[in-house]
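Letters A, B, ... are given to chains in the order of the sequence lines, protein chains preceding strands, and every chain is numbered from 1. All heavy atoms count here, side chains included; hydrogens, waters and symmetry mates do not.
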There are 2 protein chains.
Amino acid sequence: MPDRRSRRRQETIDEILAIAVQVMTEDGVTGLSVAEVARRLGVRPPSLYKYFPSLVAIYDEIYRRGAQEHLAIMRDAMELSQPGLPALTAGLEASGRWLLANRAVAQLLFWRPVPSFEPSAEAFAPSVEMVALQRAALRDAVDAKQLGREADSDQAVFVVATFIAGVITLAMANEPDLEWGEGRFTPAFPTLMSMLPALYPPTRAKSRARG
Amino acid sequence: MPDRRSRRRQETIDEILAIAVQVMTEDGVTGLSVAEVARRLGVRPPSLYKYFPSLVAIYDEIYRRGAQEHLAIMRDAMELSQPGLPALTAGLEASGRWLLANRAVAQLLFWRPVPSFEPSAEAFAPSVEMVALQRAALRDAVDAKQLGREADSDQAVFVVATFIAGVITLAMANEPDLEWGEGRFTPAFPTLMSMLPALYPPTRAKSRARG
DNA sequence: GTCTATAGCCTGATAGAC
DNA sequence: GTCTATCAGGCTATAGAC
């Protein structure tokens with residue numbers, strides 16, 4: 001029941017989270033503090049405890065929303081492309097674009113830089129579905145004979161994960177001010193993806209080899 | 001002139017750095033503090049300032065020694081292998097093995113998790129030489145006709161950098177307790193390297209095409 | 001929901017005795 | 001080179017008035 005009171009409250013929560021991400025961006029993920037968020041919001045620290053019970057709770061909500069949005073971005077991009085390799089490539093590109101545009105959240109999601117913070121199981125769930133989506137796209141690619149049968153495997157998921165993780169890692173470390181598509185690393189991603197058929201050569205014609 | 005006094009001093013410095021790395025390993029890179037190192041060393045915080053002028057100076061020395069050791073490890077592995085692709089693969093494997101065995105230092109070297117810390121130019125130097133070594137190995141690979149001419153390029157360095165960065169990133173994020181060669185990601189590295197000839201196909205026989 | 005006030009911790013760093 | 005003492009500040013979180 002979103003009456004005026006609770007809507008106002010929701011807006012405050014959103015603003016707190018936006019400021020928190022900004023602080024993480026400027027001062028590093030571990031540089032986030034309740035005090036600094038309060039300062040920027042123009043209130044005193046105790047007021048924030050009406051919205052979040054602890055600093056870790058803020059981290060967890062940023063993680064949860066980030067994982068959710070990241071998954072949605074990738075899924076949408078995949079659905080707009082042809083099934084199989086095109087969808088996989090488009091999905092990972094969209095993922096990379098989002099991660100570079102949301103670097104602080106990306107670090108929180110994948111680098112675990114805050115030892116005292118472990119994401120809750122609920123917050124972690126989207127990561128599991130991302131793997132499933134990639135696995136399904138590889139299966140489609142095999143069905144469409146874009147790739148060989150060995151590509152319908154966890155191992156193949158790891159290979160494409162290596163491509164995107166490598167590109168993102170290098171871009172974040174060495175090109176902190178560039179977005180996806182700029183610089184020396186991210187433009188190489190399509191090239192890397194184009195290597196997949198060489199790694200998993202599609203079988204020719206024979207649809208039912210080896211019974 | 002290493003008399004007894006300065007040798008003892010050097011041992012203390014080494015011990016401080018070893019403890020500091022241990023703290024970073026347990027509490028995260030940003031969890032390092034002068035107070036905690038002093039506690040574990042069994043002295044009071046002010047005593048450490050006789051050895052390092054500031055907390056940042058400790059970070060910088062860990063960075064400097066780490067970069068140096070990392071470079072030496074890679075160079076040694078390359079020199080023990082056949083020039084070209086084998087040396088490149090062996091060097092990057094040795095690099096990966098060292099990074100996974102020295103995760104906290106690896107994070108300091110490549111992730112810049114401490115916003116207030118920027119490595120000094122001197123401390124950064126080994127990174128430049130690592131790129132040069134990889135570039136030279138690619139040139140050897142071209143000369144030995146293991147790869148095509150396009151592999152003698154910065155772009156090819158970025159590609160192999162992507163392979164190793166991707167593998168290391170995934171291993172560090174998802175398999176915090178496994179070393180190189182274990183788990184799902186690092187064993188895929190040789191497979192990735194074996195894709196290079198497909199990406200940069202060696203020219204056959206014709207050594208002087210297109211004068 | 002906001003505030004003041006405060007408890008109770010932590011930190012980096014310095015001065016100066018020994 | 002070690003210490004005590006201390007400065008000056010940061011932080012999370014809570015109690016309780018308004």
Practice problem: Assess whether side chain to side chain donor-acceptor pair (under 3.5 Å) is satisfied between B/Glu15 and B/Tyr51, documenting all intermediate values. | Solution: CA-CA 11 Å; B/Glu15 195 174 357; B/Tyr51 300 94; over 6 Å; no
Quiz prompt | Audit row: B/Val29, B/Tyr59, side chain to side chain contact (heavy atoms under 4.5 Å, CB included) steps and yes/no | solution = CA-CA 9 Å; B/Val29 174; B/Tyr59 275 123; 4.0 Å; yes
Quiz item: Going through the distances and angles, do A/Glu36 and A/Arg40 end up as a salt bridge (charged side-chain N to carboxylate O under 4.0 Å, His left out)?
Solution: CA-CA 6 Å; A/Glu36 180 61 24; A/Arg40 299 190 187 200; 2.8 Å; yes
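Rounded to whole angstrom, the span from the CD atom of A/Glu15 across to the C1' atom of C/dT2 amounts to 15 Å. Look at CZ on A/Arg44: it is 13 Å from P on D/dG10, rounded to the nearest Å. The interatomic distance linking A/Tyr51 (OH) with D/dT14 (C1') rounds to 18 Å, in whole Å. Distance CG (A/Leu48) to P (D/dT14): 13 Å, rounded to an integer number of Å. One can place CZ of A/Phe117 at 16 Å from P of D/dT12, the figure rounded to the nearest angstrom. Atom-to-atom, CG of A/Leu41 to C1' of C/dC3 comes out at 14 Å; the value is rounded to the nearest Å.
Among the atoms of the strands shown, none is found under 4.0 Å from any heavy atom of B/Phe52.
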Exercise. Any chance you could list the contact pattern along nucleotides 11-18 of chain C? Use B for base contacts, S for sugar-phosphate-only contacts and - for none, protein heavy atoms under 4.0 Å, 5' to 3'.
Key: SSBB----
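Scanning both residues, B/Gln68 and B/Pro126, for their nearest heavy atoms gives N-CG, 4.1 Å.
Comment: B/Glu61 engages B/Arg65 in a salt bridge, judged by a side-chain N to carboxylate O separation of less than 4.0 angstrom.
The aromatic rings of B/Phe110 and B/His70 stand perpendicular to each other, their planes meeting at an angle above 60°, with 30° marking the opposite boundary.
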